[in-house]
Amino acid sequence: MKINYFWDKNYEVNQIGIRLNPLNRHLSLKINLILENSKKLSVVDPLSDRKLYIKYDEIYLIEAMDNFSKIYTFNRKVFYARGRLKDFESKKIDGISRINNSTMLNLTDVVNFRQGLYARLEVETKDGEIHIVSRHYAQKIKEVLQCLKN
């Protein structure tokens, strides 16, 4: 299979065009499936014990719980996912960064940050919650937040 890239200024920044030969129509379904599933996380709903998929951009906070992680969404639902924070960190989910040893936070929801005690950083989210960023992660988070502001 040969892949060609065409750069077109008429496309929006968040838009990608794919051109296929009509004989390869079956590939469009596979491409859609891969792209859609790559943006979702397999979770378990603790109330119904059902397996679901949530989009990465719905994730607000991830808390460590041994070999599982507790996932909070923006609409305040709670789910469980198999894996440690290190596993989620390696996925490099856009906007979600580790802020201390037990928490990852979606930094797109941060409205304000300030220096805290002992070289820590305090970040405030849109709903008024304040999260403490450990000194180990403070410099990286500060750089990311300054880039997001600009």
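Interatomic distance, CG of D45 versus CZ of R50, reported as 8.5 Å (0.5 Å rounding). Atom NZ in K55 sits 13.0 Å away from atom OG1 in T73 (nearest 0.5 Å). To the nearest 0.5 Å, atom CD1 of residue I99 and atom CD1 of residue I62 are 11.0 Å apart. To the nearest 0.5 Å, the span separating CD1 on I59 from CD1 on I71 amounts to 5.0 Å. A distance of 11.5 Å separates CD1 in I96 from CD in E89, rounded to the nearest 0.5 Å.
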Start with the C-alpha distance between L145 and E143, add both sets of side-chain angles, then the distance that settles side chain to side chain contact (heavy atoms under 4.5 Å, CB included), and finish with yes or no. CA-CA 6 Å; L145 290 173; E143 290 172 3; over 6 Å; no
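For the pair L41 and F88, the minimum side-chain heavy-atom distance is below 4.5 Å. Counting heavy atoms from C-beta outward, K77 and I54 have side chains that stay 4.5 Å or more apart.
In this structure, Y80 shares a hydrophobic cluster with M65, the cluster being traced through Ile, Leu, Val, Met, Phe, Trp and Tyr side chains under 4.5 angstrom apart. Through direct or relayed side-chain contacts under 4.5 Å between Ile, Leu, Val, Met, Phe, Trp and Tyr, Y118 connects to L117. Cluster partners of V44, using a side-chain heavy-atom cutoff of under 4.5 Å among ILVMFWY residues and allowing indirect links: none.
Legend: residues meeting side-chain contact (heavy atoms from CB on, under 4.5 Å) with I18, ordered by chain and number and at least two apart, are I16, L20, I31. The side-chain contact (heavy atoms from CB on, under 4.5 Å) check on S134 picks up N100, H136, Y137, with sequence neighbours excluded. Take E124 and apply the side-chain hydrogen bond (donor to acceptor under 3.5 Å, both in side chains) test, not counting sequence neighbours, and it matches no residue. Taking the side-chain contact (heavy atoms from CB on, under 4.5 Å) definition, one finds that S42 meets it with K51, Y53, sequence neighbours left out. Contacts of E122 classified as salt bridge (Lys or Arg N to Asp or Glu O under 4.0 Å), with partners at least two apart in sequence or in another chain: R114. Applying the ring pair (Phe, Tyr, Trp, His ring centres under 6.0 Å) criterion to Y60, with sequence neighbours excluded, gives F74. Take K142 and apply the side-chain hydrogen bond (donor to acceptor under 3.5 Å, both in side chains) test, not counting sequence neighbours, and it matches Q115. Looking at residues two or more places apart in sequence or on another chain, you find no salt bridge (Lys or Arg N to Asp or Glu O under 4.0 Å) involving E63.
In plain terms, the two heavy atoms of G83 and S69 that are nearest each other are O-OG, 2.8 Å. Contact record, N106 with D57: ND2-O, 4.4 Å, taken as the closest heavy-atom pair. Annotation for H131 and L61: closest pair CE1-CD1, 4.0 Å, computed over non-hydrogen atoms. Nearest heavy atoms, L85 versus T103: CD1-N, 3.5 Å.
More than 12 non-hydrogen atoms from other residues, nucleotides or ligands lie less than 6.0 angstrom from CD of Q15. Heavy-atom neighbours of D49 CG from other residues, nucleotides or ligands within 6.0 Å: at or below the threshold of 12.
Under a hydrophobic-cluster definition in which Ile, Leu, Val, Met, Phe, Trp and Tyr are linked whenever side-chain heavy atoms come within less than 4.5 Å, directly or via other members, L105 and I132 are assigned to different clusters.
The salt bridge (Lys or Arg N to Asp or Glu O under 4.0 Å) analysis of residues 23-35, with sequence neighbours excluded, yields no pairs.
With R135 contributing its side chain and A138 its backbone, the two residues share no donor-acceptor pair below 3.5 Å.
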